[in-house]
Amino acid sequence: MTATQSTAAAEFARRQQSPLQRIQHVLHGYPWLSPLFILVIAFIAFTTLNPRFASPSSMGLMLQQTAVVAALAIGQTLIILTAGIDLSVGAITVLSMMVMASLAQDGGMNGFLALLIGLLLAVAAGYLNGVLVTRLNLPPFIVTLGTLSIFTAIALLYSGGSSIQADHLPGLLNSLGEGFGPRGGFRLTWGVVAVGVMYLAVGFALSQTAWGRHVYAVGDDREAARLSGVATQRVLLTVYTVAGLIYGIAAWVLIGRSGAATPNAIVDANLNSITAVVIGGTSLFGGRGRLVGTLIGALIVQSLQFGLSLGGVDQQFRVLATGVLVIIAVSVDQWIRKVKA
Amino acid sequence: MSADSVSTTDSTTVSSTDSTTDETTPHHGGIFSTAQPSADKTHPVLSARGLVKTFGRVVGLDGVDLDLYPGEVLAVIGDNGAGKSTLIKCLTGALVPDSGEMRLDGEVVHFKRPQDSRDAGIETVYQQLAVIPALDIASNLYLAREERRPGPLGSVLRMLDKKGMKERAGKAVQDLGIQTIQNMGQAVETLSGGQRQAVAVSRAAAFGGKVVILDEPTAALGVKEGNQVLEMIRQLRDRGLGIILISHNMPHVWDVADRIHIQRLGGLAGVITPSSHSMTDGVAIMTGAMKLES
């Protein structure tokens, strides 16, 4: 009796997977597959509409345009993996950038020293977020909402609201904007390279080290992680601090990219970085997602902007398309999370 | 203090079967090689004398003694507020007793944090399934004790020895005789409640050198899964580990325990065995309706 029952049950288990469920299972294991699929579709669609989209020069340009948001999205991914969120991304970046630039303006300070101070300031800002989240036990949303205003205000007060052009800055600060590769061909900047290196380094740390595992564990179930012996407070503190460092490097990339340090340079950085993370398949509830997904997500957002503008579509429609994509991405995430064993 | 002999069955035969092949990798720090706890059954592996813990004017523990021998299951029962969890928290270092003495293998120990007791060889399985759903079984078993690759990959790049951990995790689970979990690469969220508890218990058993404390391990489980956990407890007991089981489930306690420590109003009401007293007697002692002459 029991034997027939168990084979019948095994039969049932084998039979029950519909194609849709199988897709759900695969996506559950590889959450970055669906954004990759969207990216490929977008690529093909835009190339058919306008062959110039796929030309080497526009590909290089697109990577350059993606670099800053893609960099910010690394820090955002780390924080969202711990079930947090960082609304102060843009503010920290701008603050760091304005301090670097102001210090080194017109030969005021050694470029290297100014860069170092700017980076340290970004690290300190991230650390402050981390301290507020861990020691005062405040929700990350509230903490970073507060520091968003604080850092933005400080950046504006410090810089007096005016921007500093590249020709007033030392070479080191502009260096990431310099490129290589043929003119009119596939051309990259050192900023793109720097962002690529950051993806490799953080991706390695997340997938290959104990720290990475702990980041996922803390985001998935903080109490269980604590009971298992994970130093949850320390993991959170390092995540916010490392995110700060990444924003600082992004500030350096941004100076090179925009050829100036402007206080209102990246107004939409907060939302764009969150969008890239979410479209990339990382769950806002924490503990689930891959950094490669974030890179794909950032590329999707940028190719949508770039492709639609090549097609002459109005800016507002591009924003609208991004919004629709975010909602679809989160719905897909919710669906994937309901996967059955 | 009766009947030590109730179930000190066949642990001598078990201890020699394994722990031979596993030691090839130089890198792992003695983890999962805990097959030979103290074989001496006449001395308690864990003992406490006169534990007192107060919270302001409230007395949580009023001079409690406890003895746990290797290869036995000691159940701790008591009504709510009897001091069960306070007792366990003192034993695991989650609370520091005001006075009293604890000995592990005869050595006096002072646990200040849960990590201290863990380092000394006492593992705890919590009621609320302390496993991470998104990580796979091997990662959960090794959580916060990850092993790195040998050479510069591990020491400089801090790279995890994923393959090695998976292999050793699989072997450990097999050695523990736990059949409900098989594939170490499977995510824990795809497991049933009983299988998740099996992961938590294997983790405790594999790392707990001497003592495993289980706090209501069957409370969240169905009948069948609860029985699987009881079976696991017996297997661990037979391997020579000392096991403390806190439970409200009297049938489970009478089913698996060798001795039963009854807490009442912060003090020790008595220690009985399933053969010396019925379940009704046990509940009567627990609630104060019956006194145990000692």
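Every value quoted in this text rests on a predicted model; they were computed, and no experiment measured them. As a basis for the values below, the full set of heavy atoms in this structure was taken, side chains included, without hydrogen atoms, waters or symmetry mates. Chain letters run A, B, ... following the sequence lines, proteins first, then strands; residues in each count from 1.
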Donor-acceptor contact present, side-chain B/Glu225 to main-chain B/Gly194, <3.5 Å | yes
Report yes or no: does A/Thr282 contribute a side-chain atom to a donor-acceptor pair with the main-chain N or O of A/Val278 at less than 3.5 Å?
-> no
Which residues, numbered in order, of residues 283-300 of chain A come under 4.5 angstrom of chain B by heavy-atom distance?
-> A/Gly287, A/Arg288
Quick check: does any side chain N or O of B/Glu146 sit under 3.5 Å from a backbone N or O of A/Thr209, one acting as donor and the other as acceptor?
-> no
Here the gap from B/Glu189 atom CD to B/Ile132 atom CD1, rounded to the nearest 0.5 Å, amounts to 11.5 Å
Which heavy atom of A/Pro35 sits nearest a heavy atom of A/Ile279, and at what distance?
-> CB-O, 3.3 Å
Say whether, by atom type as modelled, one donor and one acceptor occur between the side chain of B/Asp105 and the main chain of B/Glu107 under 3.5 angstrom.
-> no
Greatest number of heavy atom pairs closer than 4.5 Å to chain B - which of A/Gly219, A/Gly212, A/Ala210 | A/Ala210
Output for pair (A/Phe37 CZ, A/Trp32 CH2), nearest 0.5 Å, gives 14.0 Å
Counting heavy atoms not belonging to B/Gln174, are there more than 12 under 6.0 Å from its CD?
-> no
Rounded to the nearest 0.5 Å, how far does CZ of A/Arg222 lie from CD of A/Gln233?
-> 5.5 Å
Looking at NZ of B/Lys210 and CG of B/Leu104, how far apart are the two atoms once the value is rounded to the nearest 0.5 Å?
-> 5.0 Å
Proximal to chain B - members of residues 190-206 of chain A, heavy-atom separation under 4.5 Å = A/Phe204
